[in-house]
> 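Can you keep this structure in mind? I'll have questions shortly.
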Amino acid sequence: EPEVTQTPSHQVTQMGQEVILRCVPISNHLYFYWYRQILGQKVEFLVSFYNNEISEKSEIFDDQFSVERPDGSNFTLKIRSTKLEDSAMYFCASSPDLNTEAFFGQGTRLTVV
Amino acid sequence: AQKVTQAQTEISVVEKEDVTLDCVYETRDTTYYLFWYKQPPSGELVFLIRRNSFDEQNEISGRYSWNFQKSTSSFNFTITASQVVDSAVYFCALSEGRDDKIIFGKGTRLHILP
């Protein structure tokens, strides 16, 4: 069964460093997303991506964040100058069409120290 | 504005009991979609169901059932004859017809005690 895959599963980084979280969405899906979940809290929308551009982003997704689909298969989230409060589980998701169910990856746990 | 409220933060039941997880939503759109996701202790998010606003039929899938009532803006989830493996956090979620993002509730942590 096709699935969304994310790497790495766990990333530890120093405050102020840049990190890139990687995702391979399901191959025939058209919509791609990043969500995050601070430990013990709810899942929060960060950004959606369609047709090679950002279609929507939340207030959380400020200039510190960027997304890219560099090669038609990978979908990356870059966080520049990480802060302690960026520590969270980051989920990538993809869906075949608008308003259909999103399939989530296993998540990348980011720890900023 | 869209909002999803899961008033039950945590529930514990003994195995084989039935349990209902409540979800109340708010939206101004007439077209919207409701979801339930399960997050087991391993952390992944597992899709359970999607419902659109025009389909109020209740759904049953094995021990799981969902009751969608537009009159009360609720989309409740019942697990019948609960099992220890049902222990997880369950999220109710909403997306509006003109949006591609899913807005999650805060989740209900369900403990099934042996």
Side-chain angles (χ1 to χ4, degrees), chain A residues 1-6 8-10 23 25-26 29-51 53-61 67 75 88-111, chain B residues 1-10 21 23-25 27 29-55 59 61 66 75 88-111:
Chain A
E1 187 175 324
E3 58 181 19
V4 176
T5 56
Q6 290 185 243
S9 56
H10 191 186
C23 169
I26 295 173
H29 285 188
L30 301 177
Y31 291 81
F32 314 114
Y33 312 87
W34 284 100
Y35 289 79
R36 81 170 184 192
Q37 184 181 31
I38 295 170
L39 186 63
Q41 297 187 25
K42 70 176 180 179
V43 180
E44 300 174 292
F45 169 77
L46 292 178
V47 65
S48 57
F49 193 85
Y50 170 72
N51 202 25
E53 60 182 22
I54 290 174
S55 51
E56 191 168 357
K57 59 183 181 180
S58 71
E59 296 171 349
I60 303 168
F61 194 89
V67 290
F75 180 50
M89 181 75 94
Y90 288 81
F91 290 102
C92 174
S94 68
S95 62
D97 204 346
L98 189 64
N99 300 129
T100 55
E101 58 269 31
F103 293 87
F104 285 79
Q106 300 276 70
T108 293
R109 180 167 298 284
L110 176 66
T111 303
Chain B
Q2 50 178 285
K3 187 177 171 183
V4 178
T5 302
Q6 294 180 255
Q8 303 150 309
T9 307
E10 202 157 342
L21 310 183
C23 173
V24 174
Y25 61 91
T27 177
D29 272 21
T30 55
T31 302
Y32 53 89
Y33 302 83
L34 296 164
F35 305 84
W36 276 94
Y37 282 84
K38 174 182 179 179
Q39 187 174 43
S42 48
E44 72 271 26
L45 285 165
V46 179
F47 166 79
L48 295 178
I49 190 171
R50 167 184 173 267
R51 237 5 194 196
N52 74 55
S53 52
F54 301 109
D55 183 2
E59 179 149 344
S61 175
W66 291 269
F75 187 44
V89 180
Y90 290 87
F91 292 97
C92 181
L94 164 75
S95 75
E96 293 177 331
R98 53 187 165 78
D99 267 349
D100 50 6
K101 67 178 182 287
I102 297 174
I103 300 299
F104 286 79
K106 291 187 177 180
T108 296
R109 183 174 297 277
L110 177 64
H111 300 279

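Chain identifiers are assigned alphabetically (A, B, ...) following the order of the sequence lines, protein sequences preceding nucleic acid strands; residue numbering begins at 1 within each chain.
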> If you count the non-hydrogen atoms of other residues, nucleotides and ligands that lie under 6.0 Å from CD in B/Glu10, is the total more than 12?
yes
> Considering all heavy atoms of both residues, which atom of B/Ile102 and which atom of A/Phe45 are nearest to each other, and what is their separation?
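Heavy-atom minimum between the residues: O-CB, 4.2 Å.
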> Let me know if A/Gln37 has heavy atoms under 4.5 Å from chain B in its side chain, its backbone, both or neither.
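Contact with chain B is through the side chain of A/Gln37 alone.
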> Indicate yes or no: at least one non-hydrogen side-chain atom of B/Gln39 is less than 4.5 angstrom from one of A/Phe104.
no
> Using non-hydrogen atoms only, which part of B/Tyr37 is less than 4.5 Å away from chain A: side chain, backbone, both, or neither?
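Interface part for B/Tyr37: side chain.
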> At what distance, to the nearest 0.5 angstrom, does NZ of A/Lys42 lie from CD1 of B/Ile103?
7.0 Å
> So with a 6.0 Å cut-off around NZ of A/Lys57, is the heavy-atom count from everything else above 12?
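Incorrect, the count does not exceed 12.
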> Mind ranking B/Arg50, B/Lys106, B/Arg109 by heavy-atom pairs under 4.5 Å with chain A and telling me who comes out on top?
B/Arg50
> Please classify the contact between B/Gln6 and chain A as side chain, backbone, both or neither, with a heavy-atom cut-off of under 4.5 Å.
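Contact with chain A involves no heavy atom of B/Gln6 at all.
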> Can you label the angle between the A/Phe103 ring and the B/Phe47 ring as parallel, tilted or perpendicular, going by 30° and 60°?
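It falls in the tilted class, 30° to 60°.
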> Just so I understand: if I count every heavy-atom pair under 4.5 Å between each of A/Gly105, A/Ala102, A/Gly107 and chain B, which residue has the most?
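Among the listed options, the one with the most contacts to chain B is A/Ala102.
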